[in-house]
There are 2 protein chains.
Amino acid sequence: MTTAGSAREPKYQRIAGALRRDIAEGRYAPGERLPGENDLMAEHAVARMTARQALAVLQAEGLAEARKGAGVFVREFEPIRRRGIQRLSPEQWGSGRSVWDADIAERDLAVEVIAVSEVSGDEVPSAVVNILGTAEVWLRRRRFVLDGKPVMLSVSYFPAALVAGTPITETDTGPGGAYARLAERGHAPEHFREEIRSRMPTADEALRLKLAAGTPVMLIWRTAFSAEGTAVEVNEMMLDAASYVLEYDFEG
Amino acid sequence: MTTAGSAREPKYQRIAGALRRDIAEGRYAPGERLPGENDLMAEHAVARMTARQALAVLQAEGLAEARKGAGVFVREFEPIRRRGIQRLSPEQWGSGRSVWDADIAERDLAVEVIAVSEVSGDEVPSAVVNILGTAEVWLRRRRFVLDGKPVMLSVSYFPAALVAGTPITETDTGPGGAYARLAERGHAPEHFREEIRSRMPTADEALRLKLAAGTPVMLIWRTAFSAEGTAVEVNEMMLDAASYVLEYDFEG
DNA sequence: AAGTGGTCTAGACCACGTT
DNA sequence: ACGTGGTCTAGACCACTTC
């Protein structure tokens, strides 16, 4: 049940369909340049706007990517495998490694700490207040950059009462990261919940993640609970969906 | 005499931004109609294509939805909460309930069995062959429809050697579903792995899920392993991302 | 019947990247 | 310098929904 190509398929869909088939069948390889607006106008005898519309379809599907002044190219990607469960075991952060280390072995990674600050009241999203049970929190805002491209934005919220005076309130949280510090204070995270959504980014979000058109984001909201069942961290992550595969292993 | 539009931001982005703000601040409620092309042309003194482009931005972000002949409307969502782990415990399918029952309590659900067939060789995706270790498989293709809208497409693959002669090869798998039948044969699924990706759908996929523009899909590839560690099922699911929140609970 | 979005044309100027 | 995609205009006809 593909195309159906029935009587009245719009021209731009027809053109887009032909290009899509060519990409799928490898006639245009990842990274290769596709026929441009002028090529399509000549080849199919259509107006510029119609050729544009055809290329826009492929970009909206995430199959192609326009580079100003250069052309439209077939997209290529190589996703990061993020293991949702093993990566959070104490063996990971207990040994002085951050959980992120578990994800990528030998690629050029930079973790930028954008902000570490104490906030309260209206400045804290009400969903976070509800989960943590307090509006007095420390916030850590970070950006993860892989091979020069931002792949994830992250905001972690910690109850101020638990982390005041620890390195969690500083740029460098020390060996093992924030979870190791929480454990030293007797609030080791033991139970986790991750909620996953996906949607298209706003213009602003697309800018901050340098997303190509047609790329969704995945939103992960993680809550970490201590042994007593109290929430000790809420972490809102926004991932470039083209850069990630999430993996969860569990017993039935 | 064009333009030059005072600032660097294109007109259509300016118009889209104003509408986006209005939506965020509740001046247009979910389901409500937005100003149409003609309204925007008059209000901002622009050409039809420019007004269209502004509305296209909001649709691409998943914020708005066009209905032919009617107008452009603010989208509304009410996601299904899919619990990735508890839903697959033996208590669920062991008691004669299908795992799906765990997701939605009181909404109008229909599970359509599209196809049940034996396939082999080239007809089986090579990724599936690699995991199951055989190219002789039974396939079950289903569609899940909630409140009249398709929300998930699913294809399950089972090794033919394990399921031949069982109700898994028929339309109705019986109480507890396929997993209960596997358990009766001594191949109870015990370990699961789910891989999650997200991307924009192709035109064909959007049609089959009746997706609004600007809606990504989430792809879940689940592999079920028996106690001996052999793969007994591979399930490829494609979900309407606007209809789902995935949830995973686990210990550190 | 009126209004809506969907498609399409045939021009134009611009900012940008490659050459 | 040239070709590329990005933006924009001012028209047009169509299919569809709503009244």
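Model, not experiment: these values are computed from the prediction. Just the heavy atoms: all of them, side chains too, but no hydrogens, waters or symmetry mates, feed the values below. Just so it is clear: chains get the letters A, B, ... in the order the sequence lines come, proteins before strands, and each one is counted from 1.
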Whole angstroms only, please: what is the [atom1]-[atom2] distance between [X] and [N]?
X: B:L40; N: D:dT9; atom1: CG; atom2: C1'; result: 16 Å
X: A:R52; N: D:dC8; atom1: CZ; atom2: P; result: 11 Å
X: B:L55; N: C:dG6; atom1: CG; atom2: C1'; result: 13 Å
X: B:Q13; N: D:dT7; atom1: CD; atom2: C1'; result: 11 Å
X: A:M41; N: D:dT4; atom1: CE; atom2: P; result: 11 Å
X: A:H44; N: C:dC8; atom1: NE2; atom2: C1'; result: 15 Å
X: A:E37; N: D:dT7; atom1: CD; atom2: C1'; result: 11 Å
X: B:R48; N: C:dA10; atom1: CZ; atom2: P; result: 19 Å

Given DNA chain D, 5'-ward residue of the pair A:M49 and B:K68, judged by closest heavy atom: A:M49
Main-chain N/O of A:G36 paired with A:D39 side-chain donor or acceptor, under 3.5 Å: yes
A:E61 with A:R20: basic N within carboxylate O range, under 4.0 Å: yes
Can you tell me which nucleotide in [options] comes closest to the side chain of [X]?
X: B:A47; options: D:dA10, C:dG5, D:dG6; value: D:dA10
X: A:V46; options: D:dG5, D:dT9, C:dT9; value: C:dT9
X: B:K11; options: C:dG6, C:dT7, D:dT9; value: D:dT9
X: A:N38; options: D:dT7, D:dG5, D:dT4; value: D:dT4

Contact check, side chains of A:R82 and A:E247, non-hydrogen atoms, under 4.5 Å: no
Closest-nucleotide 5' rank along DNA chain C - winner of A:Y12 and B:R33: B:R33
Under the ring-ring contact (aromatic ring centres under 6.0 Å, His included) test, residues paired with A:Y248 that sit two or more places apart: B:Y248
Residue-phosphate contact under 4.0 Å: A:T50 side-chain N/O, C:dT7 OP1/OP2: no
Candidates B:R208, B:R142, B:R143 - the one meeting salt bridge (charged side-chain N to carboxylate O under 4.0 Å, His left out) with B:E112: B:R143
